[in-house]
Amino acid sequence: MKKRIMIMSATIIGVLAVIIVAASFYFYNVAIARADKDFLNGNPDLEANANIDNPFADSKDWWARQSFEEWSLASDDGLKLHAYYLPAETATDKTAIIAHGYSGHSEQMSAFAQMYHENMGYNVLIPDARGHGKSEGDYIGFGWPERKDYVKWIDLVIQHTEKEEDAQIVLHGVSMGAATVMMTSGEALPTQVKAIIEDCGYTSVTDELRYQLKRMYKLPSFPLLQSTSLLTKIRAGYSFGEASALEQVKKSTTPMLFIHGSGDLFVPAEMVYELYDNGPEHKKLFIVPGAGHGMARQFDPEGYDREVTEFIGTYVQ
């Protein structure tokens with residue numbers, strides 16, 4: 001009888017292990033592997049405010065009219081990364097590096113590129129994150145490996161400036177791009193990086209995926225989050241636990257503007273308060289009432305541009 005119970009228990013454990021491994025591969029392919037993210041289509045959490053007018057609808061036409069330079073660099077792990085660069089109409093040492101969101105690409109940041117280029121007279125550099133657009137890579141890093149890529153983009157911009165010591169750089173990211181610039185902020189950045197704008201970024205990959213497992217799949221985080229993290233470490237070289245924007249902003253000394261819509265259901269708005277509370281000494285918080293995920297500027301264009309311009313103006317000469 002005892003032997004039978006042991007065999008039955010071992011069988012159950014084995015079956016559960018197979019299920020967990022299979023589920024881990026499934027969620028890795030859904031969330032981490034480079035692929036079309038069809039599960040985002042029709043996601044109600046991403047459709048908040050979708051019915052409001054888009055004052056930046058013509059930015060795609062603006063993008064198409066520009067004569068971008070195409071830049072590239074090699075990442076520390078040998079990937080060829082791509083970016084678009086657009087010099088300002090009048091020569092300047094000011095450059096905005098703009099980071100797009102999850103499953104996106106550089107052109108989706110056309111409205112922000114136009115804001116910096118036309119309204120503020122900046123050079124703009126818009127990279128395709130690894131695993132996105134024209135950049136190589138077969139996985140999404142949620143901002144963690146990308147932080148080192150952005151340090152390289154920063155160095156490239158500095159080298160491109162006529163007098164390197166005069167370069168003034170602003171980082172601006174939305175969603176995963178916001179997490180990317182926050183994670184970058186905790187690295188040893190050159191003094192030429194003057195300010196960082198993060199718009200609707202998450203505290204950590206663990207926190208965001210735990211939230212989405214519950215929100216989208218009605219599943220507890222344990223043990224799927226841990227097993228998928230282990231698989232990600234094996235296949236992509238990073239674990240969810242280490243990929244923390246929160247821990248990086250704690251180390252940051254770069255002035256930072258934190259932006260979030262109070263109606264964000266994809267990256268819950270409460271995350272921004274924890275990030276802000278733990279952010280660098282020089283910082284500001286801008287909450288857009290009712291705005292959904294990534295919709296803060298579209299929801300309140302005048303307020304958004306004013307806050308960004310005033311914040312940057314304090315630190316960029």
Side-chain angles (χ1 to χ4, degrees), residues 55-75 79-101 104-130 132-136 146-174 177-178 180-181 184-185 189-199 254-255 257 297 301 304-306 308-317:
F56 312 110
D58 64 349
S59 66
K60 292 183 179 180
D61 294 332
W62 172 86
W63 178 281
R65 295 193 301 270
Q66 305 312 307
S67 299
F68 288 99
E69 299 174 17
E70 298 201 41
W71 286 16
S72 64
L73 59 76
S75 69
L79 298 177
K80 184 178 180 181
L81 304 178
H82 173 271
Y84 291 100
Y85 177 79
L86 185 64
E89 295 291 341
T90 302
T92 181
D93 55 17
K94 299 181 292 186
T95 303
I97 303 178
I98 303 171
H100 66 76
H105 52 80
S106 53
E107 186 178 350
Q108 292 177 344
M109 303 305 288
S110 58
F112 294 93
Q114 186 177 17
M115 175 184 75
Y116 278 101
H117 189 263
E118 286 199 345
N119 301 354
M120 301 172 69
Y122 275 56
N123 311 308
V124 290
L125 180 72
I126 315 98
D128 285 321
R130 57 172 59 209
H132 295 77
K134 292 185 177 181
S135 288
E136 294 180 348
E146 290 88 343
R147 81 195 192 283
K148 293 185 177 180
D149 301 337
Y150 268 70
V151 171
K152 283 180 168 284
W153 288 122
I154 290 166
D155 289 342
L156 198 58
V157 167
I158 292 172
Q159 293 165 21
H160 192 75
T161 306
E162 183 175 357
K163 292 184 179 179
E164 294 187 4
E165 64 274 17
D166 291 342
Q168 300 185 86
I169 297 171
V170 173
L171 307 182
H172 191 138
V174 178
T180 299
V181 298
T184 303
S185 78
L189 297 182
T191 57
Q192 288 93 331
V193 180
K194 302 300 183 182
I196 295 174
I197 315 298
E198 80 83 16
D199 179 347
T254 306
L257 173 60
R297 188 172 182 233
Y304 191 105
D305 289 9
R306 180 185 64 251
V308 169
T309 302
E310 290 180 357
F311 186 81
I312 290 174
T314 304
Y315 305 102
V316 175
Q317 303 304 310

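- Taking CE from Met115 and OG1 from Thr309, the interatomic distance works out to 6.5 Å, rounded to the nearest 0.5 Å.
- Using a 4.5 Å cut-off on side-chain heavy atoms (C-beta onward), Arg306 and Tyr304 make no contact.
- When the side-chain contact (heavy atoms from CB on, under 4.5 Å) test is applied to Glu107, the partners found at least two apart in sequence or on another chain are Trp63, His105.
- Of the candidates Thr184, Ile154, Leu81, Thr180, Leu81 is the only one forming a side-chain contact (heavy atoms from CB on, under 4.5 Å) with Asp149.
- A search for side-chain contact (heavy atoms from CB on, under 4.5 Å) contacts involving Lys152 returns Leu73, Asp76, not counting sequence neighbours.
- The backbone N or O of Ala129 sits less than 3.5 Å from a side-chain atom of His100, completing a donor-acceptor pair.
- From Lys194, atom NZ reaches atom OH of Tyr315 across 12.5 Å, with rounding to the nearest 0.5 Å.
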Thr314/Ile312 under side-chain contact (heavy atoms from CB on, under 4.5 Å): CA gap, chis, key distance, verdict: CA-CA 5 Å; Thr314 304; Ile312 290 174; over 6 Å; no
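- The structure places OH of Tyr116 at 13.0 Å from CG of Leu125, a figure rounded to the nearest 0.5 Å.
- In terms of heavy-atom proximity, Leu156 sits nearest to Ser72 at CD2-O, 4.1 Å.
- For the residue pair Thr95/Asn123, the side-chain donor-acceptor check at 3.5 Å is satisfied.
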Test side-chain contact (heavy atoms from CB on, under 4.5 Å) on Met109 and Tyr84; report intermediate values, then the result. CA-CA 11 Å; Met109 303 305 288; Tyr84 291 100; over 6 Å; no
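- The CG atom of Asp199 sits 9.0 Å away from atom CG of Leu257, with the distance rounded to the nearest 0.5 Å.
- The side-chain contact (heavy atoms from CB on, under 4.5 Å) test with Ile196 is passed by exactly one of Ile169, Thr254, Val170: Thr254.
- For Arg65 (side chain) and Lys60 (main-chain N/O), no donor-acceptor pair under 3.5 Å exists by modelled atom type.
- Heavy atoms of other residues, nucleotides or ligands lying less than 6.0 angstrom from CD of Glu89 number 12 at most.
- Without hydrogens or angle criteria, Gln192 side chain to Gln168 main chain gives no donor-acceptor distance under 3.5 Å.
- Here CG of Leu79 is found 5.0 Å from CZ of Arg130. Values are rounded to the nearest 0.5 Å.
- Classification of the His172-Phe112 ring pair by plane angle, with boundaries at 30° and 60°, yields tilted.
- If you take OG on Ser75 and CH2 on Trp153, they are separated by 10.0 Å, rounding to the nearest 0.5 Å.
- For Glu70, the CD atom sits in a packed shell: over 12 heavy atoms of surrounding residues, nucleotides or ligands are nearer than 6.0 Å.
- Side-chain polar atoms of Ser106 and Asp128 form a donor-acceptor pair below 3.5 angstrom.
- In plain terms, the two heavy atoms of Pro301 and Pro55 that are nearest each other are CG-CG, 4.1 Å.
- Taking Asp58 as the reference, nothing meets the side chain to side chain donor-acceptor pair (under 3.5 Å) condition, with sequence neighbours excluded.
- Proximity of the aromatic rings of His117 and Tyr122 is defined here by a centroid distance below 6.0 angstrom, and this criterion is not met.
- His160 contributes no side-chain N or O that, together with a main-chain N or O of Ile158, makes up a donor-acceptor pair within less than 3.5 Å.
- Thr161 contributes no side-chain N or O that, together with a main-chain N or O of Asp93, makes up a donor-acceptor pair within less than 3.5 Å.
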